[in-house]
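Written below as structure tokens is the structure these notes are about.
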Amino acid sequence: MSAPALITVDNMSTHYPLGRRILGDVPVLKAVDEVSLTIPKGAFVGLVGESGSGKTTLGRAILRAAPITSGTVRYNDGEVDYDVGTLEGAALKDYRKRAQLIFQDPYAALSPRMTVRDIIAEPLEVMGLTKNRAETDERVREIAAKCRLNLEHLRRFPHAFSGGQRQRISIARALVTGPKFVVADEAVAALDVSIQADILNLLKQLQADLDLTFLFISHDLFVVAHVCDFVAVMYHGKLLEQNDTRALFANPQHDYTKTLLSAIPSLDPDDRHRAKVYDPTA
Ligand code: ADP
Ligand code: MG
């Protein structure tokens, strides 16, 4: 990992209380348990693991959207150097601009009467990042074009759009504040395979154009193998291992990782030498 770290997670836990205390300590669910993870600037880091392993919680804790019970998250983009868990006031607001989340489906939380323009503009308005409507519109049009949305569609309502177009709207909404770090949580999981490829290409294009760093959360190792520079593996709240993608796939350290890899149905023919490594019948 030669690039400097944008995000450094050090021994971080997110514990949720389970019920009430009767005797002794409150029992806790260790959603994330003493995790350390480095995300190099400019990297596309995959975070994999089965459902319930703590991926979403870790991504959200890094964004200060889930509690950091202990340990630290550091964000250093060269302009600012933040101890994320202690941010408040103007610094926390500034961090929210710099670190954003792409949801799988944000529409559940949005009014059906919001136009595409309003959906993309909302983070700017909530954070008060623009001076007036004209400036907001300018920013919305700029990011919509980068996300290859038809600008004619900005006046429409998103319910009529396809899954792929809706995902482009979600991406534009996440990027409109000009973040440097983006958590994409199962951002392509609900899409058809051909649309998935479009969206993945768009994310990679945006990464290059906008100088973004990604934490790409996915349960789909096939996708992760093809788009991520580094991979981190979670299991029951623990981070088992992290490595660059090729090394992790060629030489998994943990039995759990080996099991995960053996479940991939097939790989690109160019990668057959790697497929052998985790073909359980080989
Ligand atoms: P993943 O994204 O890998 O599926 P999550 O991070 O969503 O895993 O969940 C990890 C564990 O934490 C699960 O057992 C889940 O039920 C629990 N959990 C997540 N959020 C909360 C919360 N707000 N309160 C209590 N438990 C939670
Ligand atoms: Mg999740």
Side-chain angles (χ1 to χ4, degrees), residues 7 9-22 25-39 44-73 84-85 92 96 99-110 163 166-167 170-171 173-174 181-191 196 199-200 203 214-225 227-228 230-243 245 248 252 254-264:
I7 302 280
V9 178
D10 187 21
N11 216 23
M12 196 216 78
S13 299
T14 299
H15 294 176
Y16 290 112
L18 278 175
R20 283 196 297 157
R21 185 166 69 106
I22 297 170
D25 293 334
V26 181
V28 293
L29 179 93
K30 297 179 176 180
V32 175
D33 194 16
E34 299 184 342
V35 161
S36 296
L37 169 70
T38 303
I39 302 177
F44 208 100
V45 175
L47 182 61
V48 303
E50 66 197 17
S51 179
S53 58
K55 306 180 298 295
T56 294
T57 306
L58 175 58
R60 286 178 173 266
I62 295 171
L63 298 176
R64 263 293 291 274
I68 297 171
T69 314
S70 62
T72 56
V73 175
V84 170
L92 180 57
R96 300 224 179 279
Q100 280 279 354
L101 176 66
I102 299 173
F103 292 88
Q104 184 178 329
D105 185 8
Y107 299 96
L110 296 170
R166 284 161 67 120
Q167 201 53 38
S170 303
I171 294 167
R173 176 179 159 97
F181 175 62
V182 179
V183 175
D185 192 354
E186 301 286 3
V188 300
L191 304 172
Q196 276 192 4
I199 298 295
L200 291 169
L203 292 178
F214 274 93
L215 181 64
F216 183 81
I217 299 175
S218 177
H219 65 273
D220 187 341
L221 269 153
F222 186 77
V223 167
V224 166
V227 302
C228 295
F230 300 92
V231 182
V233 181
M234 281 192 87
Y235 182 70
H236 287 201
K238 293 276 188 195
L239 200 121
L240 289 186
E241 57 184 307
Q242 63 170 312
N243 211 334
T245 306
L248 185 118
H254 281 260
D255 286 345
Y256 175 71
T257 311
K258 289 175 192 163
T259 310
L260 265 185
L261 296 182
S262 70
I264 304 181

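One-based numbering along the sequence shown. Counting convention: from 1, in listed order, for ligands and their atoms alike.
Nearest heavy atoms, Pro67 versus Tyr16: CD-OH, 3.8 Å. Ala187 approaches Ile102 most closely through the heavy-atom pair CB-CG2, 4.1 Å.
Distance alone, capped at 3.5 Å, is enough to place a donor-acceptor pair between the Lys55 side chain and the Gly49 backbone.
Between Ile217 and Val183, some side-chain heavy-atom pair lies under the 4.5 Å cut-off. Side-chain contact check for Gln167 versus Val188: every heavy-atom pair is 4.5 Å or farther apart. For the pair Phe181/Leu215, a side-chain contact is recorded, criterion being any heavy-atom separation below 4.5 Å from C-beta on. Two residues are said to be in side-chain contact when any heavy atoms from C-beta on lie closer than 4.5 Å; Phe44 and Leu200 fail this criterion. The side-chain heavy atoms of Ser218 and Glu186, taken from C-beta on, include a pair separated by under 4.5 Å.
Heavy-atom contacts from other residues, nucleotides or ligands closer than 6.0 Å to NZ of Lys238 number more than 12.
Among the backbone and side-chain atoms of Thr57, no N/O/S atom is found under 2.8 Å from the Mg ion (ligand 2).
Of the listed options His219, Lys55, Lys30, Glu186, Lys55 places a heavy atom closest to atom 3 (O) of ligand 1.
Look at Gly49 and you'll find every heavy atom at least 4.0 Å from all atoms of ligand 1. Residue contacts with ligand 1 leave out Arg60, since none of its heavy atoms falls under 4.0 Å from the ligand.
At the top of the distance list for atom 8 (O) of ligand 1, counting protein heavy atoms only, stands Gly54 N, 3.2 Å. For atom 5 (P) of ligand 1, the nearest protein heavy atom (residue, atom name, distance) is Thr57 OG1, 3.6 Å. Considering only non-hydrogen protein atoms, atom 16 (O) of ligand 1 sits nearest to Leu29 CD2, 4.6 Å. Considering only non-hydrogen protein atoms, atom 7 (O) of ligand 1 sits nearest to Thr56 CB, 3.7 Å. Scanning all protein heavy atoms for the shortest distance to atom 21 (C) of ligand 1 gives Tyr16 CE1, 3.3 Å.
Within ligand 1, counting atoms from 1 as listed, the ones closer than 4.0 Å to a heavy atom of Ser51 are 4 (O). Listed by number with element, the atoms of ligand 1 under 4.0 Å from a non-hydrogen atom of Glu50 are 3 (O).
Counting heavy atoms under 4.0 Å from ligand 1, residue Met234 does not touch it at all.
For atom 12 (O) of ligand 1, a protein non-hydrogen atom is found at a distance below 4.0 Å.
Backbone and side-chain nitrogen or oxygen atoms of Gly52 are examined, and one is located within less than 3.5 angstrom of a nitrogen or oxygen of ligand 1.
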